[in-house]
Amino acid sequence: MHVRLMKETRFSKQCHNFVCPVNSTFLIFILNLILQGDLGPFNPGLPVEVPLWLAINLKQRQKCRLIPPEWMDAEKLEEIRDKERKEDTFTPMPNPYYMELTKLLLNYASDSIPKADEIRTLVKDTWDTRLAKLRLSADSFVRQQEAHAKLDNLTLMEINTTGTFLTQALDHMYKLRTNLQPGESAQSQDF
Amino acid sequence: MQGSKVEIPLWLAKGLYDIKRRILSVELPKIYKESWRTVFSADANVVDLHKMGPYYYGFGSQLLNFDNPENPEIAQTILQTFIGRFRRIMDSSQNAYNEDTSALVARLDELERALFRAGQKGLNDFQCWEKGQASQITASSLVQNYRKRKFMDMDG
């Protein structure tokens with residue numbers, strides 16, 4: 001995550017600001033990060049890479065301007081969406097956490113991102129396409145009674161929304177399928 | 001009386017059923033019979049499984065314990081029914097958000113209803129996250145129920 005500090009913000013001023021607030025554990029944590037040299041140096045005007053949580057925190061205090069990730073761009077997302085619609089398989093996403101990132105960045109820093117609304121719609125479209133695809137492949141998976149399948153390029157968020165349903169359905173199907181084997185039917189009766 | 005037909009619970013039939021002693025022979029409930037099997041193979045989606053027997057899949061699996069010549073067909077029909085109805089359950093459970101679902105689940109059997117609820121939970125959790133409610137801390141349902149129970153005890 002890149003942030004660009006505002007010109008007028010100096011490091012000392014930030015420190016000064018941090019001492020006053022109530023949240024002292026947070027302050028100590030941040031100071032540790034900065035003093036150990038993991039982050040920074042924070043020079044006004046120069047882009048710096050920091051963790052997302054820190055970027056959002058700084059942004060909320062209006063200490064920086066966020067630089068959106070490269071892929072968060074209306075044209076690129078449009079390309080991704082069209083490719084997703086065209087192909088039958090899942091296309092690789094620019095970031096495994098694209099939903100989470102879009103949500104956080106658009107919620108807290110929509111002024112730093114050009115065409116924020118358009119991006120929101122594009123990401124949502126891509127998400128819907130992918131979920132529809134997931135349902136379609138789940139259905140054909142069940143219909144053909146496959147034993148295993150491989151789904152590449154799925155993100156965690158997508159797995160989370162349909163995972164419980166799908167695994168439960170496959171469990172049931174497995175039990176019903178063991179019924180087909182004569183002689184073994186007696187052991188699979190615990191419904 | 002010998003030769004008479006009696007309706008008895010499944011557990012009793014299971015206990016009495018013995019191939020060697022031939023105490024009883026089992027007749028299938030009509031929904032597992034040939035005529036209904038053809039209906040299922042035509043279109044499983046139109047059947048009201050909840051009316052026909054709320055535990056269609058579980059009960060059907062239990063019936064396979066009795067040595068019936070039709071066993072393979074029954075098992076096959078149950079499996080195909082599940083496969084045929086799977087798509088509709090998945091789609092309706094993943095798309096009905098903030099809607100009255102009673103019409104959707106009315107025709108589902110108990111196993112399918114559990115499945116439907118799992119799908120709804122996934123959808124609701126996702127919507128919850130999207131609206132930013134996931135980060136709010138709420139009281140556990142256990143705690144809430146516990147309080148209610150305490151009140152009831154005091155009344156009594």
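Here is how names work: the chains are called A, B, and so on, in the same order as the sequence lines, proteins then strands, and each is numbered from 1.
- Contacts between B/E112 and chain A at a heavy-atom distance below 4.5 Å are absent for every atom of the residue.
- When all heavy atoms are compared, the tightest approach of A/L176 to B/F82 is CD1-CB, 3.6 Å.
- Between B/K121 and A/T164 the shortest side-chain heavy-atom distance does not fall below 4.5 Å.
- For CZ of B/F66, the number of neighbouring non-hydrogen atoms (other residues, nucleotides, ligands) closer than 6.0 Å is greater than 12.
- Counting non-hydrogen atoms of neighbouring residues, nucleotides and ligands closer than 6.0 angstrom, the CD atom of A/E87 exceeds 12 such neighbours.
- Across B/S93 and A/F165, no two heavy atoms sit closer than the pair OG-CE1, 3.8 Å.
- Under the 4.5 Å side-chain contact rule for hydrophobic residues, A/Y97 and A/I80 do not share a cluster.
- Under the 4.5 Å side-chain heavy-atom criterion for grouping Ile, Leu, Val, Met, Phe, Trp and Tyr, A/F90 is connected to A/L131 within one hydrophobic cluster.
- Cluster annotation: A/Y98 is connected to A/L104 through the hydrophobic network of ILVMFWY side chains, with a link wherever side-chain heavy atoms come within less than 4.5 Å.
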**OP:** Let me see the working for B/L123 and A/T161 under side-chain contact (heavy atoms from CB on, under 4.5 Å), right down to the final yes or no.
**Re:** CA-CA 6 Å; B/L123 176 75; A/T161 42; over 6 Å; no
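- Only the side chain of A/L166 comes within contact range of chain B, with at least one heavy atom under 4.5 Å from a heavy atom of that chain.
- Most heavy-atom pairs under 4.5 Å with chain A, from the set B/Q94, B/Q120, B/M90, B/Q80: that is B/M90.
- Residues B/Y57 and A/K175 fail the side-chain proximity criterion, which asks for heavy atoms closer than 4.5 Å.
- Taking hydrophobic clusters as Ile, Leu, Val, Met, Phe, Trp and Tyr residues chained together by side-chain heavy-atom distances below 4.5 Å, A/L156 does not share a cluster with A/L154.
- In terms of heavy-atom proximity, B/S61 sits nearest to A/N179 at OG-ND2, 2.9 Å.
- The 12-atom threshold is not exceeded at CZ of B/R88, counting heavy atoms of other residues, nucleotides or ligands nearer than 6.0 Å.
- Counting heavy atoms from C-beta outward, A/L180 and B/L79 have side chains that approach closer than 4.5 Å.
- Taking all atoms of both residues into account, the shortest heavy-atom contact from A/K103 to B/E130 is CE-O, 3.3 Å.
- B/Y97 is not connected to B/W129 by any chain of hydrophobic side-chain contacts under 4.5 Å among Ile, Leu, Val, Met, Phe, Trp and Tyr, and they are in different clusters.
- For a residue to count as touching a neighbouring chain, one of its non-hydrogen atoms must lie under 4.5 Å from one of that chain's; by this rule A/M157 touches chain B with the side chain only.
- At a 4.5 Å heavy-atom cutoff, the contact between A/A138 and chain B is made by backbone and side-chain atoms alike.
- Within a 6.0 Å radius of CG in A/D88, other residues, nucleotides and ligands contribute 12 heavy atoms or fewer.
- Residue with the most contacts toward chain A among B/I74, B/D91, B/D125, B/N124: B/D91 (heavy-atom pairs, distance under 4.5 Å).
- Heavy atoms closer than 4.5 Å to chain B are found in the side chain of A/Q145, but not in its backbone.
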Subject >> A/H172 vs B/F86, side-chain contact (heavy atoms from CB on, under 4.5 Å): CA-CA, chis, key distance, verdict >> reply: CA-CA 11 Å; A/H172 290 315; B/F86 172 74; over 6 Å; no
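- The shortest non-hydrogen separation linking A/Q168 to B/A114 is OE1-O, 4.0 Å.
- Within a 6.0 Å radius of NZ in A/K124, other residues, nucleotides and ligands contribute more than 12 heavy atoms.
- Heavy-atom distances place both the backbone and the side chain of B/I89 under 4.5 Å from chain A.
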